[in-house]
Protein chains: 2
Amino acid sequence: MTAENIAPERKTRKRDADATKGRILAAAKAEFAKLGLAGARVDDIAERSSANKRMIYHYFGGKEALFCAVLEEAYLDIRESERALNLEDLPPIEAMQTLVRFTWEYYLANPEFITLVNSANLHKGRHLESADRLKTRQRQFVDMVQRILDRGVTTGDFRKGIDPIQLNITIAAIGYYYLTNRHTGGILFQRDFLEPDALKTRLDFNIDTIMRLISAKD
Amino acid sequence: MTAENIAPERKTRKRDADATKGRILAAAKAEFAKLGLAGARVDDIAERSSANKRMIYHYFGGKEALFCAVLEEAYLDIRESERALNLEDLPPIEAMQTLVRFTWEYYLANPEFITLVNSANLHKGRHLESADRLKTRQRQFVDMVQRILDRGVTTGDFRKGIDPIQLNITIAAIGYYYLTNRHTGGILFQRDFLEPDALKTRLDFNIDTIMRLISAKD
DNA sequence: CATGTAACGCACTAGTTAGTTACTTATGAT
DNA sequence: ATCATAAGTAACTAACTAGTGCGTTACATG
């Protein structure tokens, strides 16, 4: 499943199912992210992955099944990266600020995540229904945020009764919306949304928004 | 440009350029919103509008140009609806709460707006570039929000120095994200995002988020 | 009533596109 | 070595799709 195979072990290893599968997945991710499910072309994915179209049908079954695989992998990656932050080792305020910052930086570094999720929702989430491993991870994630909130209440930093799901949605929303709509936003507001200054301003604004939302002092 | 022509003036008026154009636009809006730009089919739009495909090319020039027309109309409609709220006649706090509530309710009542904007951004906003009338409206809208913020500062209700653009983006974001990602969100969080209780909870949460963000007391 | 103009519609084309068939080639267990 | 199996390829197909050529029909104007 390694995405690339730059230094083959012995000679030029011509046959490597795992590597081929990984290359197809990476190429599909790029293609689906750029053009959406309907706009993506199976032939282009085959070419981008320097594999053959037949291999896509062999390993994944078809265009839609390939999209399912791409989507689940994308979601698993962000949930795994969040877990790797070890937020539970941080004081509550710092943990929450880190989460807001991480979410923002993840979207910035992985813009294809956003367009993939948008495509999935255009099709009513149908391609995520069977991703059971992900549902478990998601629950663990919500529970972790709940524990951070609880700790913050104990220390007197956070208000009581905040729903971790509403909070998660809000943290995602204020970063996601800015970035997914940066093109139409840039035209309408006559600003470059990706300029370093603009990015810094927005991140600070977002951290401030979340801190004011959950803060106990008021 | 009237979308329907239920009561024709004299006899059965078989030829009506305006009505045909309007029907095509309405059908295209529904089709593009449902399937995206690449997924939409010109033949289907022709059939849905009970017009002929030839007419689409006659009136709009092509699929992409039709998408441009649909998109600009959609944006103009929301900006016009916002203006019709006459927020400047309300006290600052009430004006801002009304704006948050309106934005939410507009997205709920016009779900196609969200998917159209998503499609436009998938294509890097290219289809909105020539919408000059809209840019003017957008500036007027931002100026109006700025005036509400200024009034709020004068009355002592709002903090100083809030950027109306960051605020607008945030108001849109917390409603938009919840609704555009309601399908994947529903699967991952195991909740029905559109249930009446869930909708009410989210709207209250959103109003609270914005009020805490701009409120002077802290 | 004659006539120019714009609305309208059928049927076609040239190029795509997802998915498949039939085949070759490398690999590793025996 | 050999041979079953999995990896890999090229060429094909049937259905689809954006766009167009060309002819017809309604309506306003003089």
Side-chain angles (χ1 to χ4, degrees), chain A residues 1-5 8-28 30-32 34-70 119 123 126-127, chain B residues 1-5 8-28 30-32 34-70 119 123 126-127:
Chain A
M1 280 279 195
T2 44
E4 299 195 48
N5 189 13
E9 265 141 39
R10 288 178 198 184
K11 298 177 181 184
T12 43
R13 210 163 135 201
K14 280 184 182 173
R15 316 194 70 158
D16 188 334
D18 255 16
T20 304
K21 241 169 141 172
R23 284 204 318 279
I24 291 172
L25 214 48
E31 176 88 1
F32 284 132
K34 193 179 176 191
L35 299 162
L37 178 53
R41 297 291 165 245
V42 177
D43 287 278
D44 290 350
I45 293 170
E47 200 179 0
R48 283 175 96 135
S49 61
S50 29
N52 190 279
K53 192 160 57 144
R54 192 64 190 80
M55 291 294 94
I56 293 173
Y57 287 89
H58 182 246
Y59 288 125
F60 296 97
K63 190 186 184 183
E64 302 242 331
L66 178 57
F67 184 73
C68 291
V70 166
S119 283
H123 299 280
R126 169 162 44 95
H127 304 89
Chain B
M1 281 279 197
T2 44
E4 299 195 49
N5 189 14
E9 264 140 39
R10 289 178 196 185
K11 298 178 181 184
T12 43
R13 212 164 133 200
K14 280 185 183 175
R15 317 193 67 161
D16 188 333
D18 255 16
T20 304
K21 242 169 140 172
R23 284 202 320 277
I24 291 172
L25 216 48
E31 176 88 0
F32 285 132
K34 193 179 175 193
L35 298 163
L37 178 52
R41 299 289 165 247
V42 178
D43 287 279
D44 290 350
I45 294 169
E47 200 179 0
R48 284 175 94 133
S49 60
S50 31
N52 191 279
K53 191 160 58 145
R54 199 70 191 76
M55 292 293 94
I56 292 174
Y57 288 88
H58 182 245
Y59 287 126
F60 296 97
K63 191 186 184 183
E64 301 240 334
L66 178 57
F67 185 72
C68 291
V70 166
S119 283
H123 297 92
R126 172 161 41 98
H127 305 89

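Note that the structure is a prediction, hence the values are computed from the model and not measured. Residue numbering restarts at 1 for every chain, and letters A, B, ... go by the order of the sequence lines.
In this structure, Leu37(A) atom CG and dT17(C) atom P are separated by 14 Å, rounded to whole Å. Straight-line distance from the NZ atom of Lys63(B) to the C1' atom of dT20(D): 17 Å, rounded to whole Å. We find that CD1 of Ile56(A) is positioned 14 Å from C1' of dT20(C), with the value rounded to whole Å. The NZ-P distance, from Lys21(A) to dA6(D), rounds to 13 Å in whole Å. In this structure, the CD atom of Glu47(B) is 14 Å from the P atom of dA18(D), given to the nearest Å. Across the protein-nucleic acid pair, Asp18(B) atom CG and dC8(C) atom C1' stand 16 Å apart, rounded to whole Å. dG8(D) atom P lies 8 Å from atom CD1 of Ile24(A), rounded to whole Å. If you measure from atom CG of Leu35(A) to atom P of dA18(C), you get 11 Å, rounded to the nearest angstrom.
Taken from NZ in Lys63(B) to CD1 in Ile45(B), the straight-line distance is 7.0 Å, to the nearest 0.5 Å. Considering CD1 of Ile24(B) and NE2 of His58(B), their distance stands at 10.0 Å, rounded to 0.5 Å. A distance of 12.5 Å separates CG of Leu25(B) from OH of Tyr59(B), quoted to the nearest 0.5 Å. If you take NE2 on His123(B) and NZ on Lys34(A), they are separated by 10.5 Å, rounding to the nearest 0.5 Å.
Comparing Asp43(A) and Ser50(A), the nucleotide of DNA chain D nearest to each residue sits closer to the 5' end for Ser50(A).
Residue Asp43(A) forms a salt bridge (charged side-chain N to carboxylate O under 4.0 Å, His left out) with just one option from Lys53(A), Arg54(A), Arg48(A), and that option is Lys53(A).
In this structure, Glu31(B) contributes its side chain and Arg41(B) its backbone to a donor-acceptor pair below 3.5 Å.
Considering all non-hydrogen atoms of both residues, Ala40(B) and Leu35(B) come closest at N-CB, 3.8 Å.
Here dG8(D) is the nucleotide among dG19(C), dT20(D), dG8(D) with the atom lying nearest to any side-chain atom of Met55(A).
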Heavy atoms under 4.0 Å is the rule here; annotate nucleotides 11-16 of chain C 5' to 3' with B where the base is hit, S where only the sugar-phosphate is, and - elsewhere. ------
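One finds no side-chain N or O of His58(A) lying less than 4.0 angstrom from the OP1 or OP2 phosphate oxygen of dG8(D). Look at Tyr59(A) and you'll find a side-chain N or O under 4.0 angstrom from OP1 or OP2 of dA7(D). Between Thr20(B) and dA7(C) there is no side-chain N or O to OP1 or OP2 distance below 4.0 Å.
Residue contacts for Ala40(A): at a heavy-atom cut-off of 4.0 Å it reaches the sugar-phosphate backbone alone, with no base atom in range.
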